[in-house]
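Below is one structure, written out as structure tokens; the observations come after it.
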Amino acid sequence: MATQPLPIAPVPLTVEQAEAMSQRQIKKHHVAIMLLHWFNAAVWLFELATGTALIASPYFRVMPYWYINMMTTLFGSRANMLHFHIAVGILWVVVFLVYGIFGFRTYLARQILGKEIALDRDDFRWLSIRALRILKKSDEPLPPQDSYNAGQKLFALLVYAMIPIIMITGLIMAFHLVSTAVVGWAVVLHFTAVGLVVSGLMIHVYMGAVFPEEKPAFFSMITGMVSELYAYRHHFKWWKEVKMQEEAWTHQFQGGSGSTGVASPPLGESAIPSVAPEKAEAKRGSPGMFRRIFRSPEYWPPYVAGVGLGLTLLATFVLMGQGLGASGAFTRYLVAILAWVAPHYTFHSSYWSNYIQPGQSPLIAFLTFEIFGAMLGGFVSGWLAGRLRITVDKGPRISRRTRYALAIAGGILTGYGARLARGCTSGLGLSGGAVLAFGAWVFMLGVFAAGFGGAWLMRRYWL
Amino acid sequence: MSAPYFQTFSLTTYLAVSLLLGFFFGFFLERAGFSSAHKLTAQFYFKDFAVLKVMFTAIVVAMLGIAYLSLVGWLDMGQVFVPPTYLWPQLVGGLLLGAGFIVGGYCPGTSAVAVAIGKIDALLFALGILMGIFLFGVTAPRITSFNLSGYLGNLTIPTWLNLNIGIVVLAVVVLAMVAFWAAEKSEGPWKVFARLYGKPSKGDERR
């Protein structure tokens, strides 16, 4: 389409080219977006100023008492300040509702959620390289970016996720909706969501107002324009898109005479890697996100899965007052079978009877349902990743029959050990470890010692 | 209203929450690759430290959360179950479970998840667990004195060392960081350990 092919990545510019590009302005933001941005900024300023002064409870207080007193004096009373906070909040909700409803098709759905703030492969690379560069571990060039760079997108995603939470919890708190318990939860959620946004907001404000390289981004929120040079250097993919659109228009209006009317891209005919029609460009946007994260056959990075597991464990402690477990569930399944097959023996055994309460099945317990849920969760995860398959996991040098024998033998050792220790890797190691139980760490020491020691003896069977 | 909340649940809610928490438990275990005996045992051959990384990350995340929530008074630690310490049986139990882990390739929780995605060996391992537990139930009366030895109550590391919880939490976080660093090094530049077992076989990264 373009008479001069556009490059894949930014190429070094000559001084004249850079000079020319710095003179040309490209439109970046619509007036409505700029107004909304500054309205939003003002709301956050007011709401944070009053909101933090309203939190007087010793557990959650974030501001010093002199600030809280100062703000209270300024407004006359706490009640006045609260009214102001609520009034500004409601105005905010209303304006965003109007924006959300009338701008949904034009801005939100396609432009913003579908494209502008969806992270693509380049963005993930950008984030990792950026982090490494800050740590001085890499000097790789940053991958080209869309109209918002990966950091901005990440912040935008966070804000888009948190704003509805802040609004809904705020309304619940302001009008004491639903029930006292719900209001209590709303308070916690409101604080958490605001806290998350503020942590990003600090970077956002620093970048916009202080960081010299991003000055043009700040002014673009006032004028709506950025210089072409800035776009070229910082938002290359977007610059290219703008260029291609300009070319297409020129083509249409001037009968295909090429880039005459357009300020031609500063590329010359030098050794620029010319670009074939790009297929990569076509598969942008979010549909890939879900696939990459959940449908990919790759396992998740251990730290990511670990955080997920840790949060689940934390939730279990908060909700159930105990950690996750597994061997206890096996024991209860066994006791249920035993009680069915040999009730007299089971009820009178000094050990099994610990698991039986009169009038209640040993299966009605946290652990039995939790492990059933774990199998469902494992099934769903395996199904999404395409790992559902009837197979045998074994070392390459042994037969299936050997593997079966080893599995049963290992199971017996594990079962016996777990009961002796009163827990397994999850019930004692993970859950006990998280509450710093002394026995749990001793137990884990034993597990890893025997594992590493036994590995040498078992090497023929696994390698 | 402070946590834990289980006492306010009706039985149905209680079981539904159990099921849901279990769902995430199993989901993340499977996502980490713990439905594969190969992946789990690779840890002990110094090839893939996912087990250590996932477990330690989870412990650190949950520990920090618990410490923080109890600090602000939201989580009442008096109502949270802290596993009691029976020093000797827990040490020996750990050794037995570790041995079972390297012989059989799973631990109880991971075997349940592996069964769910169709691993026959995991099914047999799970049956083995039931047998082992049965064996324990039968022999328990004969080993009572050992089974109860080294009882130290609900001893936690902070009480044991007579240190502030915050310091212990910090120490565990530092320990985890060192462990992660060593694990990354062992997988990457320090091939010395893995060389104990010859060249890495091709199957290391397989499902």
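Proteins get letters first, then strands, A, B, ... in listed order; numbering begins at 1 in each.
By the neighbour-count criterion of 12 heavy atoms within 6.0 Å, atom CD of B/Q79 is densely surrounded, having more than that number from other residues, nucleotides or ligands. Counting heavy-atom neighbours within 6.0 Å of B/I165 CD1, excluding the residue itself, gives a total of 12 or less. Applying the 6.0 Å contact sphere to CZ of B/F49 captures more than 12 heavy atoms from other residues, nucleotides or ligands.
Taking chain B as the reference chain and counting heavy-atom pairs below 4.5 Å, the highest number among A/T368, A/L324, A/T180 is found for A/L324. Between chain B and the options A/F379, A/F372, A/W441, the largest number of non-hydrogen pairs under 4.5 Å is found for A/W441. Counting heavy-atom pairs closer than 4.5 Å to chain A, the top residue among B/I157, B/V113, B/N154, B/L64 is B/I157. Chain A forms more heavy-atom pairs under 4.5 Å with one residue of B/L20, B/L52, B/L130, B/I117 than with any other, namely B/I117. In terms of heavy-atom pairs under 4.5 angstrom with chain B, the leader among A/L445, A/I364, A/I371, A/V188 is A/I364. Of the listed residues (B/P108, B/A99, B/G109), the one with the most heavy-atom contacts under 4.5 Å to chain A is B/P108. Between chain A and the options B/I133, B/L152, B/L123, the largest number of non-hydrogen pairs under 4.5 Å is found for B/I133. Among A/G454, A/A305, A/G321, the residue making the largest number of heavy-atom pairs under 4.5 Å with chain B is A/G321. Among A/S381, A/G310, A/G423, the residue making the largest number of heavy-atom pairs under 4.5 Å with chain B is A/S381. Ranking B/F180, B/Y106, B/F136 against chain A, the residue ahead of the rest is B/F136, based on heavy-atom pairs under 4.5 Å. Looking only at heavy-atom pairs under 4.5 Å with chain A, the residue among B/V82, B/L69, B/V51 that has the most is B/V82. Chain B forms more heavy-atom pairs under 4.5 Å with one residue of A/G453, A/A326, A/G323, A/G410 than with any other, namely A/G410.
Side-chain contact between B/M55 and A/T425 is present, with heavy atoms from C-beta onward closer than 4.5 Å. Residues A/L436 and B/W160 have side chains not in contact (no heavy-atom distance under 4.5 Å, counting atoms from C-beta outward). Proximity of A/M444 to B/I59: side-chain heavy atoms (C-beta onward) are nowhere separated by under 4.5 Å. The side-chain heavy atoms of A/M320 and B/F9, taken from C-beta on, include a pair separated by under 4.5 Å. Residues A/L313 and B/V61 fail the side-chain proximity criterion, which asks for heavy atoms closer than 4.5 Å. No side-chain heavy atom of A/L311 sits less than 4.5 Å from a side-chain heavy atom of B/F28. Side-chain atoms of A/L309 and B/L29, non-hydrogen and from C-beta on, do get closer than 4.5 Å to each other. Looking only at side-chain heavy atoms (C-beta outward), A/F438 and B/T159 stay at 4.5 Å or farther from each other.
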Query raised in the report: Between A/V435 and B/M77, does a side chain to side chain contact (heavy atoms under 4.5 Å, CB included) hold up when you go through it step by step?
Result: CA-CA 9 Å; A/V435 289; B/M77 279 310 281; 4.2 Å; yes
Requested in this report: Applying side chain to side chain contact (heavy atoms under 4.5 Å, CB included), run through A/V380 and B/F23 and close with a yes or a no.
Outcome: CA-CA 9 Å; A/V380 168; B/F23 181 90; 3.7 Å; yes
Report task. Just do the side chain to side chain contact (heavy atoms under 4.5 Å, CB included) check on B/L21 and A/F369 with the steps written out, would you? Result -> CA-CA 9 Å; B/L21 289 167; A/F369 276 71; over 6 Å; no
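Heavy atoms closer than 4.5 Å to chain B are found nowhere in A/L457, neither backbone nor side chain. Proximity to chain B (any heavy atom under 4.5 Å) is restricted, for A/S426, to the side chain, taken from C-beta onward. Looking at B/L75, only its side chain comes within 4.5 Å of chain A, counting heavy atoms on both sides. Using a 4.5 Å cut-off between heavy atoms, A/L319 contacts chain B through both its backbone and its side chain. Contacts of B/A126 with chain A are made by both backbone and side-chain atoms, with heavy-atom separations under 4.5 Å. With a 4.5 angstrom heavy-atom cutoff, B/Q43 touches chain A via backbone and side-chain atoms both. The part of B/S111 that comes within reach of chain A is its side chain, from C-beta onward, which places non-hydrogen atoms under 4.5 angstrom from that chain. Looking at A/R403, only its side chain comes within 4.5 Å of chain B, counting heavy atoms on both sides. At a 4.5 Å heavy-atom cutoff, the contact between B/Y86 and chain A is made by side-chain atoms alone. Using a 4.5 Å cut-off between heavy atoms, A/Y461 does not touch chain B at all. The part of B/V172 that comes within reach of chain A is its side chain, from C-beta onward, which places non-hydrogen atoms under 4.5 angstrom from that chain. Heavy-atom distances place both the backbone and the side chain of A/W456 under 4.5 Å from chain B. In this structure, chain B has no heavy atom under 4.5 Å from any part of A/A405.
A side-chain N or O of B/T139 and one of A/Y416 form a donor-acceptor pair less than 3.5 Å apart. Of the N and O atoms on the side chains of B/N147 and A/R419, not one donor lies less than 3.5 Å from an acceptor on the other residue.
Ring geometry for A/W462 against B/H38 counts as perpendicular: the plane angle is over 60°, on a 0 to 90° scale with 30° as the lower cut. A perpendicular orientation is assigned to the rings of B/Y14 and A/F366, their planes being inclined by more than 60° (bins at 30° and 60°). Under the 30°/60° scheme for interplanar angles, the aromatic rings of B/F44 and A/F452 are found to stand perpendicular.
B/Y45 approaches A/L463 most closely through the heavy-atom pair CD2-CD1, 3.7 Å. Contact record, B/L96 with A/L420: CD1-CD2, 4.3 Å, taken as the closest heavy-atom pair. Contact record, B/L124 with A/A407: CB-CB, 4.2 Å, taken as the closest heavy-atom pair. Of all the heavy atoms in B/P83 and A/A437, the pair that sits closest is O-CB, 3.8 Å. Between B/L95 and A/A449 the shortest heavy-atom distance is CD2-CB, 4.3 Å. Closest heavy-atom contact between A/M375 and B/A112: CG-O, 3.6 Å.
With hydrogens and angles disregarded, no donor-acceptor distance shorter than 3.5 Å links the side chain of A/R400 to the backbone of B/D121. A donor-acceptor pair under 3.5 Å is formed between the side chain of B/Q90 and the backbone N or O of A/A421.
Partner of B/W74 under the ring pair (Phe, Tyr, Trp, His ring centres under 6.0 Å) criterion, out of A/F191, A/F317, A/W185: A/W185 alone.
Scored by the salt bridge (charged side-chain N to carboxylate O under 4.0 Å, His left out) test, A/E298 finds no partners at all (sequence neighbours excluded). Partners of A/S399 according to the side chain to side chain donor-acceptor pair (under 3.5 Å) rule, which considers only residues two or more places apart in sequence or in another chain, are A/T402. With sequence neighbours excluded, the residues that form a side chain to side chain donor-acceptor pair (under 3.5 Å) with B/S10 are B/T13.
Applying a 4.5 Å heavy-atom cutoff, the residues of residues 339-356 of chain A that approach chain B are A/Y345, A/S350, A/Y351, A/W352.
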